[in-house]
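One is the number of the first residue; the rest follow in order along the sequence. Both ligands and their constituent atoms are indexed starting at 1 by order of listing. Hydrogens, waters and symmetry mates are skipped; everything else that's a heavy atom, side chains included, is used.
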Amino acid sequence: MSRTLVLVRHGQSEWNLKNLFTGWRDVDLTEQGHAEAKAAGQKLKARGLKFDIAFTSALIRAQKTCQHILDAVGQGDLKTIRDQALNERDYGDLSGLNKDDARKKWGEEQVHVWRRSYDVPPPAGESLKDTGARVWPYYLHDLQPHVLRGGTVLVAAHGNSLRALIMALDGKSGEEIVKLELGTGVPVIYQLNADSTVASKEVLDD
Ligand SMILES: O=C(O)[C@@H](CO)OP(=O)(O)O
């Protein structure tokens, strides 16, 4: 039985391009972002993947990425659940600021800690731990059951909401997760065992 979970970070957004902290701000994909999402769909199509259900966040950049992928695999009308549990980490007061300006103001090290550490939240925002505290229960209750009954499930979401999910799936520590970067539009394919542990993981980053 195939129990397949496909995670895809949205394609490049307008604020990725402008190098701004985005978080819950609802910005669109760039031309490149649309192309990356379509290319992700083509890679999944080439694998012969057909989905049973799709999940995405409440934010347009993830929703459009999800739709591009479904269109590419010929499943444009597939049932898709949108939930803010899968939203990007809330960047709080950093939202809308330029990342280089923030480095000048607070220093390289502090900004890196806010962006990639496990449990240090940016001012008035969520740490990765906080993000995981909403992503992981949502995964367990709403998403994983579809995979365990033999489904193939698409999740189109965000860099940090997916980092939180991957941290739990891979059993990574707070120190290890600092190094994990997810590319825009790069599919990550998990096969799960019947007991919900990970049987295999493949990153389609070529
Ligand atoms: O700005 C954001 O919301 C995220 C993702 O684009 O940025 P970072 O990679 O710095 O966590």
Between the side chains of [X] and [Y], does any donor sit under 3.5 Å from an acceptor?
X      : Y      : value
Gln63  : Thr56  : no
Ser200 : Gln191 : no
His158 : Ser57  : yes

Got a second to check how far [X]'s [atom1] is from [Y]'s [atom2], nearest 0.5 Å?
X      : Y     : atom1 : atom2 : value
Leu29  : Arg61 : CG    : CZ    : 9.0 Å
Lys64  : Lys38 : NZ    : NZ    : 11.0 Å
Thr152 : Arg47 : OG1   : CZ    : 13.0 Å

Review point. For atom 3 (O) of ligand 1, which of Ser161, Pro122, Gly23, Gly96 has the closest heavy atom?
Key: Gly23
Review point. Of Arg116, Arg163, His158, Arg89, which has the heavy atom at the shortest distance from atom 9 (O) of ligand 1?
Key: Arg116
Point to revise | Heavy-atom pair of closest approach, residues Trp114 and Pro122 | key: CD1-CA, 3.5 Å
Exercise for review: For ligand 1, find out whether one of its N or O atoms is nearer than 3.5 Å to an N or O atom of Phe21.
Suggested key: no
**Study point:** Under 3.5 Å: N/O of Lys99 near N/O of ligand 1
**Key:** yes
Check your understanding: Backbone N or O of Leu192 within a donor-acceptor pair of the Ser196 side chain at under 3.5 Å?
Key -> no
Relative to the heavy atoms of [X], which atoms of ligand 1 are at a distance of less than 4.0 Å?
X      : value
Asn160 : 4 (C), 11 (O)
Asn16  : 6 (O)
Arg9   : 5 (C), 6 (O)
Arg115 : 8 (P), 9 (O), 10 (O)
Glu88  : 3 (O), 4 (C), 5 (C)

Practice item. Specify the protein heavy atom at minimum distance from atom 1 (O) of ligand 1: its residue, its atom name, and the distance to 0.1 Å. Key: Thr22 N, 2.8 Å
**Study point:** Protein heavy-atom partner closest to atom 11 (O) of ligand 1 - residue, atom, separation in Å
**Key:** Tyr91 OH, 2.6 Å
Check your understanding: Considering only heavy atoms, does Leu20 approach ligand 1 within less than 4.0 Å through its side chain, its backbone, both, or neither?
Key -> backbone
